[in-house]
Novice: 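So that we are looking at the same thing, I have put the structure below in structure tokens.
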Amino acid sequence: MPVTDAIPQSSTIITVNNVIKQFGRFAALRGVTAEFDGGRFHAILGENGAGKTTLLRALAGLALPTRGEISIFGKSPQEACRDIGYMAHPSLLYDEMSGMENLRYFARLYGIAGDGRCEEVIRAVGLDPELTRAVGQYSQGMRQRMSLARAILHDPRVLLLDEPFSNVDVHSARAMVGLLRGMRDAGKTVFVITHQALLLDGVADEFVWMQAGQIVDRTASLARAAGSAEGVQ
């Protein structure tokens, strides 16, 4: 059982019950059991290969557990997909389109009419909706911000972000953290995998430490989370 600091509780919206995910003989997740409350900011920490991305993909409904169950709002992740925003390592953007063209395309998939919401989210991540340059010509940091805009476009209740601050300058990363904090404050539930945990110090409600496919610690203190593992930055 993981050691857990006392963290103020609200209603549980996500339940992970003895989830195992195997790739051949390799177990990326080894009996993960956890409950997560809504309206909170969860930072997921751990070394490469700890199972962080696999857990996030399982929550997003993109990696079916080999064994065990996941419930989000009382439904499977696949059934709850409209309530989930997911940002992966790949941007999932179309390189030949501009940022606004990308968002218009995804907006149509979600049944979002007009450009208002697209312009709102592109400005929220610090980009210009008037920029006509193709996304394939964006810097990596700009692509990360555009990928975040895509993930929040449909106003999901649960946001799952895998290394959103990778290759983003410090000023822009802090602006992204502020945006995510505002979403949490508005009642959204945010999960962020990061190797830049200091960006979330004083922002995340809890730090979830993973190791060898298991959750080994959950704490409200970054100092304690850092003490659980060498190399947390």
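Quantities reported herein were computed from a predicted structural model and do not represent experimental measurements. In what follows, residues are counted from 1 in the order of the sequence shown. Both backbone and side-chain heavy atoms feed into the values below; hydrogens, waters and symmetry mates do not.
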Novice: When you group the ILVMFWY residues by side-chain heavy-atom contacts below 4.5 Å and let the links chain together, are Val168 and Leu92 in the same group?
Specialist: no
Novice: Would you mind checking if Lys188 and Asp155 are paired as a salt bridge, meaning a charged N to carboxylate O distance below 4.0 Å?
Specialist: yes
Novice: How many angstroms lie between atom NE2 of His89 and atom CG of Leu56, to the nearest 0.5 angstrom?
Specialist: 9.5 Å
Novice: Find the distance between CD (Gln78) and CD1 (Ile72) and round it off to the nearest 0.5 Å.
Specialist: 8.5 Å
Novice: Quick one: does Arg133's side chain get under 4.5 Å of Tyr138's, heavy atoms only?
Specialist: yes
Novice: Run the side-chain contact (heavy atoms from CB on, under 4.5 Å) check on Thr15 and Ile70 step by step: do they pass?
Specialist: CA-CA 6 Å; Thr15 301; Ile70 296 174; over 6 Å; no
Novice: Please output the side-chain donor-acceptor pairs of residues 139-150 that fall under 3.5 Å, not counting sequence neighbours, one pair per line with the distance.
Specialist:
from   : atom 1 : to     : atom 2 : distance (Å)
Ser139 : OG     : Met142 : N      : 3.2
Arg143 : NH1    : Asp95  : OD1    : 2.9
Arg143 : NH1    : Val135 : O      : 3.2
Arg143 : NH2    : Ser91  : OG     : 3.0
Arg143 : NH2    : Asp95  : OD1    : 3.1
Gln144 : NE2    : Glu163 : O      : 2.9
Gln144 : NE2    : Pro164 : O      : 3.2
Arg145 : NH1    : Gly126 : O      : 3.2
Ser147 : OG     : Ser91  : O      : 3.4
Arg150 : NE     : Ser91  : O      : 3.4
Arg150 : NH1    : Tyr86  : O      : 3.4
Arg150 : NH2    : Tyr86  : O      : 2.9

Novice: I want to know whether Phe191 and Phe36 have ring centres closer than 6.0 Å.
Specialist: yes
Novice: Test side-chain contact (heavy atoms from CB on, under 4.5 Å) on Leu59 and Val16 and set out the steps.
Specialist: CA-CA 9 Å; Leu59 292 175; Val16 181; 4.0 Å; yes
Novice: At their closest point, which heavy atom of Ala151 faces which heavy atom of His154, and how far apart are they?
Specialist: O-CE1, 3.4 Å
Novice: Could you walk me through whether Leu200 and Leu222 pass side-chain contact (heavy atoms from CB on, under 4.5 Å), step by step?
Specialist: CA-CA 9 Å; Leu200 303 182; Leu222 175 58; over 6 Å; no
Novice: Answer yes if Leu179 and Met176 sit in the same cluster of Ile, Leu, Val, Met, Phe, Trp and Tyr residues linked by side chain heavy atoms under 4.5 Å apart, and no otherwise.
Specialist: yes
Novice: Are Val125 and Leu131 grouped together when hydrophobic residues (ILVMFWY) are joined by side-chain heavy atoms under 4.5 angstrom apart?
Specialist: yes
Novice: Thr189 and Asp37: which non-hydrogen atoms are nearest, and at how many Å?
Specialist: CG2-O, 3.7 Å
Novice: For Val158 versus Ile14, what's the shortest heavy-atom pair and its separation?
Specialist: CG1-CD1, 4.3 Å
Novice: Charged N to carboxylate O under 4.0 angstrom, Arg57 versus Asp162?
Specialist: no
Novice: For the residue pair Glu130 and Asp128, what are the closest heavy atoms and their distance?
Specialist: N-OD1, 2.8 Å
Novice: Linking I/L/V/M/F/W/Y whenever any side-chain heavy atoms sit under 4.5 Å apart, do Leu198 and Val203 land together?
Specialist: yes
Novice: Atom CD of residue position Gln22 - does it have more than 12 heavy atoms of other residues, nucleotides or ligands inside 6.0 Å?
Specialist: yes
Novice: So which heavy atom on Gln196 is nearest to which on Ser166, and how close?
Specialist: OE1-N, 3.9 Å
Novice: Find the distance between CE (Met87) and CG (Leu161) and round it off to the nearest 0.5 Å.
Specialist: 6.5 Å
Novice: How close do Ala212 and Arg30 get, heavy atom to heavy atom, and via which atoms?
Specialist: O-NE, 2.7 Å
Novice: Ignoring hydrogens and geometry, is there a side-chain-to-backbone donor-acceptor pair from Asp83 to Pro156 under 3.5 Å?
Specialist: no
Novice: With the 4.5 Å side-chain cut-off for hydrophobic clustering, are Tyr94 and Met100 part of the same group?
Specialist: yes
Novice: Walk me through whether Glu101 and Thr132 qualify under side-chain contact (heavy atoms from CB on, under 4.5 Å).
Specialist: CA-CA 9 Å; Glu101 287 170 340; Thr132 59; over 6 Å; no
Novice: Got a second to check how far Met210's CE is from Ile193's CD1, nearest 0.5 Å?
Specialist: 8.5 Å
Novice: Can Arg157 be said to sit on top of Phe73's aromatic six-ring, NZ or CZ under 6.0 Å from centre and within 45° of the ring axis?
Specialist: yes
Novice: Roughly how far, to the nearest 0.5 Å, is the CG atom of Asn167 from the OG atom of Ser172?
Specialist: 12.0 Å
Novice: Would you say the side chain of Val208 lies within less than 4.5 Å of the side chain of Glu206, judging by non-hydrogen atoms?
Specialist: yes
Novice: Under 3.5 Å, is there a donor-acceptor pair linking the side chains of Thr33 and Asn18?
Specialist: no
Novice: Identify, with sequence neighbours excluded, every residue that meets side chain to side chain donor-acceptor pair (under 3.5 Å) alongside Lys21.
Specialist: none
Novice: Quick one: CE on Met97 to CG on Leu103, what's the gap to the nearest 0.5 Å?
Specialist: 11.0 Å
Novice: Would you give me the side-chain donor-acceptor pairs under 3.5 Å for residues 104-118, sequence neighbours excluded?
Specialist:
from   : atom 1 : to     : atom 2 : distance (Å)
Arg104 : NE     : Asp115 : OD1    : 3.0
Arg104 : NE     : Asp115 : OD2    : 3.2
Arg104 : NH2    : Asp115 : OD2    : 3.1
Arg117 : NE     : Leu153 : O      : 2.8
Arg117 : NH1    : Glu120 : OE1    : 3.4
Arg117 : NH1    : Glu120 : OE2    : 3.2
Arg117 : NH2    : Ile152 : O      : 2.8

